[in-house]
Amino acid sequence: MTEGRVRVRFCPSPTGSPHVGFARTALYNWVFARHAALNGGQGTFVFRIEDTDKARSTEESYDAMLGAMRWLGLDWDEGPEVGGPHAPYRQSERGEIYRDVLAKLHDSRFTYDCYCTTDEVDARRKAAGSKVQGYDGFCRDLTEEQVAAFRAEGRRPVVRFRMPDGSITWTDLVRGEITFETQFVPDYALCRANGDPLYTLVNPVDDALMEITHVLRGEDILSSTPRQIPLHEALVELGISKVVPEFGHLPFVTGEGNKKLSKRDPESHLFMYRDTGFLPEGLLNYLALLGWAIGPDRDVFTVEEMVEAFDIKDVNPNPARFDIKKAEAINADHMRMLPIEELTHRVIPFLQAEGVLTDPVDDADAKLLELAMPLVAERMNKLTEAAPMLGFLFADEESFTLVDELDDAGRDVVRAAHEALAALETWSTADIEAALRSKLVDELGLKPRLAFGPVRIAVTGRKVSPPLFESLELLGRDRSLSRLAAAVA
Ligand code: GLU
Ligand code: ZN
């Protein structure tokens with residue numbers, strides 16, 4: 001490895017919607033690069049799209065991958081829409097490059113043509129009583145006559161990599177030394193019979209060509225590493241690349257019942273968090289905890305703090321359990337950490353989506369929102385909670401309805417509250433509070449909960465709302481009185 005120069009990559013396949021495992025891998029790679037760039041070092045984060053599987057890759061998913069990275073704030077130094085010295089960064093546009101590498105490997109006998117069908121391989125394995133699965137190397141040394149005979153039958157070959165004998169060992173950055181005996185790692189196909197390159201070829205070839213120094217990826221791909229290392233060694237021998245990257249395999253993320261988190265679990269979908277009002281800061285913090293800790297007894301930190309502290313050697317190889325409750329709690333902490341102006345800015349799209357605010361926001365509404373945010377900021381755990389809490393302030397009187405119900409006793413309280421407030425000369429939080437207390441608590445002898453609960457429902461529509469007296473002040477005298485009257489009409 002070139003000292004002090006780190007190049008990592010994140011290379012999803014654009015199939016389906018981005019999931020949390022995707023985001024965790026992206027985050028760790030990004031943080032690794034940004035950490036390397038501290039104190040004058042060099043760290044480059046490459047974003048590559050592995051879309052050679054034409055049947056499964058979609059443009060919609062490609063857009064979602066980029067959108068997810070942007071939402072999380074994981075910017076890339078090289079990749080789609082950004083470009084870079086190794087462009088293009090979409091593998092579907094790199095066919096020429098792969099054909100060229102494949103030809104060089106073939107010329108140097110690192111690969112060979114294989115004419116077998118799967119059935120033939122299975123039958124031979126069975127006949128030999130072999131416990132080893134997969135290809136048996138039958139075509140490694142075919143004679144010219146054998147090749148001619150296969151071709152005459154109309155067979156078209158796949159290209160296989162010739163695995164070396166012995167064993168493959170690497171020191172995993174997360175898991176320590178790992179060894180595979182190559183007798184259990186069969187010669188594998190690098191492209192389809194029609195010449196289309198496979199993941200087995202394009203993934204390591206691009207890591208080599210893009211001068212990736214560290215491959216950090218999920219443990220689910222660990223079994224491809226013993227195949228990729230000899231291919232990297234071949235590429236070095238051919239002068240196509242200079243070094244074999246280091247590898248680190250990040251722990252599995254498990255869901256309910258310690259099963260691997262699957263795409264069927266709703267909490268595995270990244271956009272579920274965005275759409276239900278998580279802050280990217282909160283989710284990133286939670287994702288960071290899926291295999292790493294900043295210190296004992298400390299769960300809440302910023303991504304900048306993670307960049308500062310991150311060391312791949314501290315990543316825990318044991319499976320990490322995904323806990324949505326904890327994710328929510330951490331998000332709530334990040335909500336409190338945001339400056340109020342920023343929080344206001346972030347809730348606006350959610351208020352617009354619920355029809356609470358118009359787009360663009362009306363000037364008077366913007367002022368009202370600014371005054372109202374301090375009342376709710378401390379109470380919100382997610383951005384989506386703004387609409388139910390603040391909706392009453394922006395609703396016009398015709399469309400305002402009660403979400404929670406008033407009973408007869410409640411209506412009596414509201415009538416009394418109307419009377420007390422109608423007599424008020426100034427409309428301030430303190431005066432409103434004094435008037436309601438004197439009427440409802442002192443005069444009628446009601447407990448505060450029974451006194452203010454019905455008033456709250458009448459003016460905000462809900463049992464739970466921002467602080468009542470402040471809410472009444474913001475709502476204004478006319479609207480407040482008209483709601484109190486409407487609630488008992
Ligand atoms: N495209 C592969 C995937 O999404 C990348 C694997 C790797 O990181 O090497 O699974
Ligand atoms: Zn064969």
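One-based numbering, in listed order, for ligands and for the atoms of each. All values below come from the heavy atoms of this structure, side chains included, with hydrogens, waters and symmetry mates left out. Quick caveat, the model's predicted, so the values are computed rather than measured.
Distances under 2.8 Å from the Zn ion (ligand 2) pick out the protein N/O/S atoms C114 SG, C116 SG, Y135 OH, C139 SG.
Annotation: cation-pi geometry satisfied between R227 and Y188 (NZ/CZ under 6.0 angstrom from ring centroid, within 45° of ring axis). By the 6.0 Å and 45° rule, R24 stacks over the aromatic ring of Y28.
Side chain of S130 to backbone of R125: no donor-acceptor contact under 3.5 angstrom is found. Side chain of S108 to backbone of K104: a donor-acceptor contact under 3.5 angstrom is found. Checked by atom type and distance alone, the side chain of H249 never pairs as donor or acceptor with a backbone atom of D172 at under 3.5 Å.
The side-chain contact (heavy atoms from CB on, under 4.5 Å) check on E328 picks up F278, I324, K382, with sequence neighbours excluded. Annotation: salt bridge (charged side-chain N to carboxylate O under 4.0 Å, His left out) contacts of E181 (sequence neighbours excluded): none.
Taking CG from N331 and CE from M337, the interatomic distance works out to 11.0 Å, rounded to the nearest 0.5 Å.
Partner F10 forms a ring-ring contact (aromatic ring centres under 6.0 Å, His included) with one of W76, F22, W30 and no other, that one being F22.
Closer than 4.0 angstrom to ligand 1 lie heavy atoms from R9, C11, P12, S13, E50, Y199, N203, R217, I221.
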